[in-house]
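Before any comments, here is the structure.
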Amino acid sequence: MTTTAVAPLTTADAEALVTVAVEAAERAGVTVSVTVLDAGGHLLAFRRDDRAVLISGETSTRKAYTALQLNTPTADLVDAVQPGGLFHTLPTALDRPLLFIAGGVPVRRDGRLIGAVGVGGGAPEQDHGFATAAVESLA
């Protein structure tokens, strides 16, 4: 069995992701924080506008972390934490608790997970759109 290496998410990639997400938010008149993590969960890029709600920085990071750990957009996980949902009893006593609010999107290259983007500061649906626009721009 041969395995083809996939290029990792670079700092330049991460900075481009932040730029696209911020520009999309600015066009919508929203001030956001953006976090980009690599496949190991390490911070590659972060931006918090001074006009953004202070907690938006932590929110964007937790959204990215959740998307990375579960390898799925956080918008797809919202129902999973409701009573009777798949993750209703998932413990959150982790180093960084998971956050099941739209705005976290995995970044893939050649079908492989290479990182995640999290956006916080707007309505969850807006944050999801900004993060998705950023990820789609990397393709």
Side-chain angles (χ1 to χ4, degrees):
M1 176 179 174
T2 57
T3 304
T4 305
V6 174
L9 192 62
T10 66
T11 303
D13 291 334
E15 290 171 352
L17 290 166
V18 169
T19 298
V20 171
V22 168
E23 288 174 353
E26 287 175 349
R27 283 191 301 276
V30 179
T31 305
V32 296
S33 293
V34 182
T35 301
V36 180
L37 304 175
D38 69 8
H42 304 103
L43 183 65
L44 281 181
F46 175 79
R47 179 182 185 273
R48 186 185 74 79
D49 189 300
D50 288 341
R51 299 169 294 164
V53 178
L54 189 58
I55 192 68
S56 68
E58 178 62 20
T59 301
S60 68
T61 302
R62 288 177 57 194
K63 288 177 181 183
Y65 182 77
T66 302
L68 181 68
Q69 293 301 310
L70 299 176
N71 194 12
T72 194
T74 56
D76 295 347
L77 299 169
V78 174
D79 290 338
V81 294
Q82 301 302 320
L86 185 62
F87 298 126
H88 178 62
T89 59
L90 182 71
T92 57
L94 304 170
D95 179 42
R96 172 167 282 131
L98 303 178
L99 187 61
F100 295 91
I101 300 173
V105 178
V107 179
R108 296 183 181 90
R109 184 171 283 143
D110 297 329
R112 295 195 184 145
L113 182 66
I114 61 168
V117 177
V119 178
E125 298 77 21
Q126 289 176 306
D127 292 345
H128 178 73
F130 305 146
T132 299
V135 170
E136 289 174 351
S137 75
L138 199 62

* Structure fact -> The salt bridge (charged side-chain N to carboxylate O under 4.0 Å, His left out) partners of R51 (sequence neighbours excluded) come to D49
* Single-linkage hydrophobic cluster, 4.5 Å side-chain cutoff, V117 and V20 together -> no
* Structure fact -> Sequence neighbours excluded, the answer for side-chain hydrogen bond (donor to acceptor under 3.5 Å, both in side chains) partners of D110 is none
* To do: Tell me, please, which residues at least two apart from T59 pass side-chain hydrogen bond (donor to acceptor under 3.5 Å, both in side chains).
  => none
Counting only pairs under 3.5 Å, give me each side-chain donor-acceptor contact of residues 129-139, with atom names and distances, residues two or more places apart or in other chains.
residue	atom	partner	partner atom	Å
T132	OG1	H128	O	2.8
T132	OG1	H128	NE2	3.4
S137	OG	A134	O	2.6

* Asked: Got a sec, which pairs hit side chain to side chain donor-acceptor pair (under 3.5 Å) with one end in residues 14-26, sequence neighbours left out?
  -> none
* Asked: With side chains defined as the heavy atoms from C-beta onward, is the minimum distance between V34 and L17 less than 4.5 Å?
  -> no
* **Spatial distance of atom CG (L9) from atom CG (L37) [nearest 0.5 Å]** => 9.5 Å
* Asked: By side-chain hydrogen bond (donor to acceptor under 3.5 Å, both in side chains), which residues pair with R108, not counting sequence neighbours?
  -> N71
* To do: Could you tell me which residues satisfy side-chain hydrogen bond (donor to acceptor under 3.5 Å, both in side chains) with T74, sequence neighbours excluded, listed by chain and number?
  => none
* Residues L113, V107; criterion side-chain contact (heavy atoms from CB on, under 4.5 Å); working and verdict -> CA-CA 6 Å; L113 182 66; V107 179; 5.9 Å; no
* Asked: Can you find a heavy atom in the side chain of I114 that is under 4.5 Å from one in the side chain of D38?
  -> no
* Structure fact -> Across all chains, not counting sequence neighbours, the side-chain contact (heavy atoms from CB on, under 4.5 Å) partners of T72 are L70, D76, L77
* To do: For A67 and G104, work out which heavy atoms get closest and say how close.
  => CB-C, 3.5 Å
* Does D13 have any salt bridge (charged side-chain N to carboxylate O under 4.0 Å, His left out) partners at least two apart in sequence or in another chain, and if so, which? -> R109
* Sort and list the pairs that fulfil salt bridge (charged side-chain N to carboxylate O under 4.0 Å, His left out) and have at least one residue in residues 121-131, not counting sequence neighbours. => K63-D127
* In chain order, what residues pass the side-chain contact (heavy atoms from CB on, under 4.5 Å) check against S33, with sequence neighbours excluded? -> R48, A52, S56, S60
